[in-house]
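Read the numbers this way: they start at 1 and go in the same order the structure lists the ligands and their atoms. Bear in mind that the values here come from a model prediction, so they are computed numbers and not experimental data.
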Amino acid sequence: MTTYPGPATAPPASGGNEILRRDTLDPLTSYAHAYATDGTVHLNGNSLGPPRADLIGELDRVVRGQWPRSQVQAWFRDGWLDLPRTIGDKLAPLLGAAPGQVVVAGETTSTTLFNALVAACRLRADRPVVLVEAASFPTDLYLAASVVRLLGRELVVESAEGFDSFLHTHGARVAVAVASPVDFRTGERREIGPTTARCHAAGAIALWDLSHASGVLPVDLDPSEVDLAIGCGYKYLGGGPGAPAFLYVAARLQPEVDFPLSGWHGHARPFAMAPAFEPAPGIDRGRTGTPPLLSLVALNHALDPLLEVGIDALYRRSRELAGSFLDCLGARRPDLLDRLVSPRDAERRGGHLALRIPGAERIEEELRGRGVLVDSRPPDLIRFAFAPLYVTHVQVQRAVGELCQVVGETP
Ligand SMILES: *Cc1c(COP(=O)(O)O)cnc(C)c1O
């Protein structure tokens with residue numbers, strides 16, 4: 001069990017290194033020591049940040065302790081069977097949700113999105129359109145295309161502005177609108193509250209993919225009256241390789257929501273072995289089958305420090321780290337700062353920044369060789385993600401220094 005130091009007392013302003021001072025003054029800096037980064041600076045935004053150093057102890061407790069002692073009985077004796085909902089309730093405050101509305105069924109983000117998309121279409125059986133933003137993560141576009149084929153609906157893919165105007169002019173035809181609060185390329189935000197209100201004004205279901213927001217940006221699902229949401233467990237939530245996704249269903253929709261993946265764990269009485277499916281009351285109907293227990297254990301463990309800090313402080317820290325990146329880059333290479341495709345205004349972006357630089361893939365590779373992990377997106381974007389608890393201001397400064405060396409004078 002790792003214990004985290006409390007707030008640091010502010011040292012006297014040294015007038016020395018300003019970036020170092022930002023770390024020293026922020027009590028959240030102390031969390032970085034509890035992650036096993038092996039000396040690398042992890043700014044890679046697409047997945048898999050470092051584990052907490054004591055994850056191995058947590059897995060040991062389950063694999064060496066509970067598993068041999070209880071074997072199959074552990075599903076009941078050690079709370080394994082309840083873990084999808086226990087983790088859901090634990091995650092809920094990070095999402096601005098009351099308990100009983102989030103479940104981690106053990107599925108991928110992709111299957112969870114499929115489940116939610118079909119369920120949303122079933123809630124609006126008389127409306128033909130599935131509306132998706134063109135800049136969506138590819139799997140979201142692929143699945144929306146598959147769902148319309150499956151259900152005989154119509155797919156409408158629109159730019160950010162087109163999305164809003166389609167809802168305004170053709171909203172009565174829309175069954176479900178799928179959007180993300182953070183553009184996975186540029187980091188640009190879409191406000192959840194106003195977009196959800198626009199969907200509801202049109203009578204459509206609002207389905208949010210929170211993959212690039214959960215754990216770094218407040219998403220206020222309950223106050224925004226979101227209908228359905230899904231998100232990835234291994235990005236800012238830090239659940240580890242292949243961590244399962246989460247599903248949110250607003251309490252008011254739970255009695256009527258009808259998921260296509262109606263497996264036995266979503267049954268009202270799973271162990272009655274009844275021949276006909278009867279959905280469980282509440283969020284449990286979002287469950288499917290036997291969940292990947294060890295992955296749930298890892299995700300559960302990853303959430304502890306995030307909850308301890310809380311979403312507002314996580315967001316604050318991430319913004320400040322991005323601020324240090326922009327300050328350092330502006331001081332050393334204003335020409336590279338001009339290549340920022342993310343909004344300059346921190347209010348208008350999520351937890352990452354993107355630069356447009358030719359040869360992005362080569363730069364990613366060279367940075368990796370220098371111990372700085374970033375990710376490139378074709379053809380020429382490089383993303384820098386600022387996870388609040390394992391990245392420090394000093395690391396950001398180091399990453400900018402390496403970036404400036406790797407990118408020649410005239411990129
Ligand atoms: C990362 C991400 C996914 C990933 O889907 P998996 O099934 O977990 O591979 C899906 N959607 C979005 C928006 C993402 O950012």
Side-chain angles (χ1 to χ4, degrees), residues 42-49 84 87 91 94-95 102-118 120 130-147 155 157-158 160 163 176-190 192 195 206-217 219 221 226 228-248 259-261 286 288-289 291-292 295-296 298-299 302 318 342 349-354 373-378 381 383-387:
H42 189 103
L43 305 179
N44 184 309
N46 58 15
S47 63
L48 201 58
I87 300 176
L91 182 54
L94 290 176
L95 305 175
V102 181
V103 71
V104 182
E107 298 289 340
T108 66
T109 319
S110 302
T111 49
T112 307
L113 179 62
F114 171 83
N115 215 16
L117 260 175
V118 173
V130 173
L131 176 62
V132 189
E133 266 196 83
S136 297
F137 189 84
T139 208
D140 300 34
L141 295 168
Y142 307 157
L143 282 161
S146 172
V147 165
L155 179 64
V157 181
E158 287 282 354
F163 183 95
V176 51
V178 189
S180 169
V182 180
D183 183 303
F184 83 100
R185 291 187 184 88
T186 65
E188 184 145 1
R189 275 179 72 173
R190 171 180 276 284
I192 293 183
T195 300
L207 167 52
W208 288 92
D209 186 333
L210 306 175
S211 295
H212 278 280
S214 40
V216 74
L217 188 71
V219 289
L221 297 184
V226 164
L228 296 164
I230 62 117
C232 194
Y234 53 75
K235 288 173 181 147
Y236 293 100
L237 294 180
F246 65 86
L247 167 73
Y248 164 91
F259 290 109
L261 299 181
T288 52
S295 293
L296 287 181
L299 174 59
S318 176
S342 310
R349 57 171 198 253
H352 71 274
L353 294 168
L373 305 178
V374 301
D375 65 279
S376 60
R377 282 288 171 267
L381 284 190
R383 296 190 307 182
F384 303 86
F386 304 96

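- A donor and an acceptor atom, one from each side chain of Arg349 and Ser342, are nowhere located under 3.5 Å apart.
- The nearest heavy-atom contact from the protein to atom 5 (O) of ligand 1 is Thr109 CB, 3.2 Å.
- The contact set between ligand 1 and His212, taken as ligand atoms under 4.0 Å from a residue heavy atom, comprises 15 (O).
- A donor-acceptor pair under 3.5 Å is formed between the side chain of Asn115 and the backbone N or O of Leu261.
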* CA sep, side-chain torsions, deciding dist, call: Val374, Asn44, side-chain contact (heavy atoms from CB on, under 4.5 Å) -> CA-CA 4 Å; Val374 301; Asn44 184 309; 5.9 Å; no

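- At a 4.0 Å heavy-atom cut-off, ligand 1 touches Asp140 through the side chain alone.
- Scanning the protein heavy atoms around atom 1 (C) of ligand 1, the nearest turns out to be Lys235 NZ, 1.3 Å.
- The shortest contact between atom 7 (O) of ligand 1 and any protein heavy atom is with Ser110 OG, 2.6 Å.
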* Intermediate values then yes/no, side-chain contact (heavy atoms from CB on, under 4.5 Å), Leu94 and Leu237 -> CA-CA 10 Å; Leu94 290 176; Leu237 294 180; 4.2 Å; yes

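- Annotation for ligand 1: atoms under 4.0 Å from non-hydrogen atoms of Thr108 are 7 (O).
- Distance check, rounded to the nearest 0.5 Å: OG1 of Thr186 to NE2 of His352 gives 6.0 Å.
- In terms of protein heavy-atom proximity, atom 13 (C) of ligand 1 is nearest to Asp209 OD2, 3.0 Å.
- Screening Val216, Val219, Leu217, Leu210 for a side-chain contact (heavy atoms from CB on, under 4.5 Å) involving Val182 leaves a single residue, Leu217.
- Regarding atom 4 (C) of ligand 1, its nearest protein heavy-atom neighbour is Tyr234 OH, 3.3 Å.
- For atom 10 (C) of ligand 1, the closest non-hydrogen atom of the protein is Thr139 CG2, 3.4 Å.
- Just one residue in the list Val176, Leu117, Leu113, Leu207 forms a side-chain contact (heavy atoms from CB on, under 4.5 Å) with Leu228, and that residue is Leu207.
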